[in-house]
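Down below is the structure, laid out as structure tokens.
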Amino acid sequence: RKIRGRLAMNAHATGTLESPQLSGDVTLADARIQIPRLGATYDKGQVRLRLEGREVRVTEARMESGGGHLEAEGTVHLRSFPHVDFDLQTTLSKFRVAAAEDFRSSLSGELKLGGAAAAPVLTGSLEVSNSDVYLQAKNLAQSAEAVELSPEDLRTLDRRFGYIAGDQSGKARKPLAPWDVGVKVQLTGNNWLRRRSDPVMAVELGGKLDVRKAPGEDFNVFGEIKPLPGRSFVQVMGRRFELRQGAVNLNGPLKQTAVSLKAEYRASSPSGTQPVVITTAVQSDSGKLTVTLSSIPAMRSDDIMSYLTTGRPASTDPTIASDEQDALGTSASLAVGAALGTVAGSAGQKFGLDVVQVLQDREGGQTLVAGKYVSPPLYLGFRQPIVPPTDPGTSETQSDVVEFEVEYAALRQLLLNLQGGGSEFRIFLRLRR
């Protein structure tokens with residue numbers, strides 16, 4: 001979409017279609033192209049081609065996207081019209097290949113395109129950085145009913161969103177169907193698996209993958225991605241669970257990706273009582289998402305839910321009206337906070353924020369937390385109270401202070417976190433376990 005550029009040609013072709021002879025030059029300047037499905041725009045393109053005999057030599061090719069660039073060179077050999085063979089090499093440096101609402105990523109590395117036009121072969125190795133992949137898992141048993149789209153509907157989808165319409169048999173066309181692909185991929189820094197609605201997720205990932213595709217087949221991805229503790233979390237019912245361990249297993253089609261995460265929330269307990277740790281296990285497999293809660297020490301499910309909503313176990317004395325009222329009030333506030341978090345998360349994406357969430361404390365106060373990873377190791381954010389706590393001991397001045405937060409991955413296993421607001425500053429050193 002929105003293709004533009006300035007083309008200058010001095011090209012000549014003689015001979016026959018079976019034995020063409022080419023000469024001249026082709027130059028494309030200020031090229032720009034938009035890919036709706038990826039949400040990306042590639043611009044500042046410069047391409048120079050030299051035509052000699054049966055060869056088209058790429059002497060210069062460069063595109064920019066998201067502050068990075070792509071460069072290519074090589075030869076396209078014309079055997080006989082329209083049969084051509086490729087021998088092209090591409091180098092990428094932090095090239096923003098995708099910038100859609102639910103998928104963003106930058107690539108560095110080298111790729112080689114060979115083979116014939118009817119059966120291209122793509123090989124190479126890539127480093128992936130500054131990526132956000134939003135998990136869209138749902139309960140497949142509650143999927144929407146099937147809707148038959150008219151040809152005009154399909155044309156509208158293709159025009160607005162780059163939708164790949166199916167053929168007359170109803171079978172969707174496979175992208176890059178004739179291609180043979182074998183690319184090694186490494187996740188190098190600031191790559192995140194996210195989810196906007198409850199359970200909210202922000203899980204930093206690392207690992208190595210093999211991306212393979214045989215001609216006429218779907219893409220398959222093999223490997224294991226490891227979630228990185230430290231900055232990763234899972235938020236359930238307004239409570240932030242720190243990630244402790246997990247894995248993302250890929251063993252074929254992307255739709256069969258299995259995600260397994262374990263995180264914990266340390267509930268505040270009255271003095272003199274045993275600390276309570278509430279754990280959550282999040283499983284996503286073939287599009288179905290399940291969340292399981294447990295605790296240390298082991299408690300009944302109603303006590304666990306009470307700790308998450310009120311900060312205390314469920315009361316067994318029906319005469320204690322204050323506890324019941326607190327539970328009702330806090331639960332209602334929690335529901336509002338969860339709704340605010342979902343809305344804030346969607347709105348935050350429009351402003352390019354990586355983290356947008358609403359946290360709830362034991363006293364019922366709610367705080368908006370937002371920020372952005374301006375580089376792989378550096379995070380800048382703020383915390384803004386939006387609902388004051390019900391604790392009468394907290395002053396209005398304290399509850400209205402806007403705090404800043406700066407986090408820096410100083411070493412591979414060490415995070416430096418600085419927080420402050422007003423006249424108060426706090427410094428934390430956190431180890432990635």
Side-chain angles (χ1 to χ4, degrees), residues 1-2 33-43 63-68 70 92 94-109 111 122 126-138 157-158 160-164 172-176 181 183 185-197 199-213 218-223 225 227-228 231-232 248-250 252-259 261 282 284-287 289 342 345-356 372-374 376:
R1 300 292 186 271
K2 298 183 179 179
I33 183 172
Q34 188 178 72
I35 313 295
R37 295 194 73 192
L38 297 177
T41 300
Y42 311 145
D43 57 8
M63 294 289 289
E64 297 185 9
S65 177
L70 172 156
L92 303 96
K94 298 181 180 179
F95 185 74
R96 196 64 162 173
V97 67
E101 182 178 2
D102 293 324
F103 175 58
R104 296 185 290 273
S105 186
S106 297
L107 300 179
S108 300
L111 294 173
L122 181 67
L126 294 173
E127 294 182 349
V128 182
S129 62
N130 300 319
S131 299
D132 293 294
V133 179
Y134 282 84
L135 191 62
Q136 302 296 321
K138 59 183 179 180
L157 287 173
D158 184 64
R160 295 182 179 178
F161 307 108
Y163 174 78
I164 299 179
R173 300 197 305 267
K174 296 179 179 179
L176 307 181
V181 178
V183 178
V185 179
Q186 182 173 0
L187 306 183
T188 56
N190 201 32
N191 296 295
W192 295 83
L193 176 67
R194 301 184 185 276
R195 179 177 165 86
R196 296 189 180 98
S197 56
V200 176
M201 295 183 192
V203 180
E204 190 175 10
L205 303 173
K208 297 181 179 180
L209 305 170
D210 284 336
V211 180
R212 306 174 194 169
K213 180 191 175 299
D218 293 323
F219 277 92
N220 290 297
V221 182
F222 301 88
I225 301 176
L228 304 178
R231 293 194 275 186
S232 303
V248 180
N249 294 311
L250 301 109
L254 284 175
K255 62 184 179 182
Q256 296 179 8
T257 300
V259 180
L261 304 173
V282 180
S284 177
D285 192 0
S286 300
L289 184 72
T342 301
S346 299
Q349 298 305 313
K350 305 298 183 182
F351 295 97
L353 298 176
D354 296 322
V355 176
V356 180
K372 182 176 181 61
Y373 290 97
V374 296

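All values reported here derive from a predicted model rather than from experimental measurement.
Between Arg104 atom CZ and Arg96 atom CZ the span is 6.5 Å, to the nearest 0.5 Å. Here the CZ-CG distance, from Phe95 to Leu126, works out to 12.0 Å after rounding to the nearest 0.5 Å. Taking CD of Gln34 as the start and NZ of Lys2 as the end, the distance is 5.0 Å to the nearest 0.5 Å. Here the CD-CG distance, from Glu127 to Leu92, works out to 11.0 Å after rounding to the nearest 0.5 Å.
Taking each heavy atom of Ser65 and Thr41 in turn, the nearest pair found is OG-O, 3.4 Å. The two atoms that bring Asn130 and Asn191 nearest to each other are N-OD1, 3.6 Å, heavy atoms only.
The shortest side-chain heavy-atom distance between Pro227 and Val203 falls under the 4.5 Å cut-off. At a threshold of 4.5 Å between non-hydrogen side-chain atoms, the residues Leu228 and Leu205 do not count as touching. Contact of the Val133 side chain with the Asp102 side chain is not registered, since no non-hydrogen atoms from C-beta on lie closer than 4.5 Å. Using a 4.5 Å heavy-atom cutoff, the side chains of Met201 and Arg194 are not in contact. For the pair Phe222/Leu209, no side-chain contact is recorded, criterion being any heavy-atom separation below 4.5 Å from C-beta on.
In terms of the salt bridge (charged side-chain N to carboxylate O under 4.0 Å, His left out) criterion, residue partners of Asp210 (sequence neighbours excluded) are, by chain and number, Lys184, Arg212. Legend: residues meeting side chain to side chain contact (heavy atoms under 4.5 Å, CB included) with Ser105, ordered by chain and number and at least two apart, are Val97, Phe103, Leu107, Val128, Ser131.
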Before giving the answer on side-chain contact (heavy atoms from CB on, under 4.5 Å), spell out for Val259 and Val282 the whole-Å C-alpha distance, their side-chain angles and the decisive distance to 0.1 Å. CA-CA 8 Å; Val259 180; Val282 180; 6.0 Å; no
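Looking only at distances, a side-chain donor or acceptor of Ser232 sits under 3.5 Å from a matching main-chain atom of Glu204.
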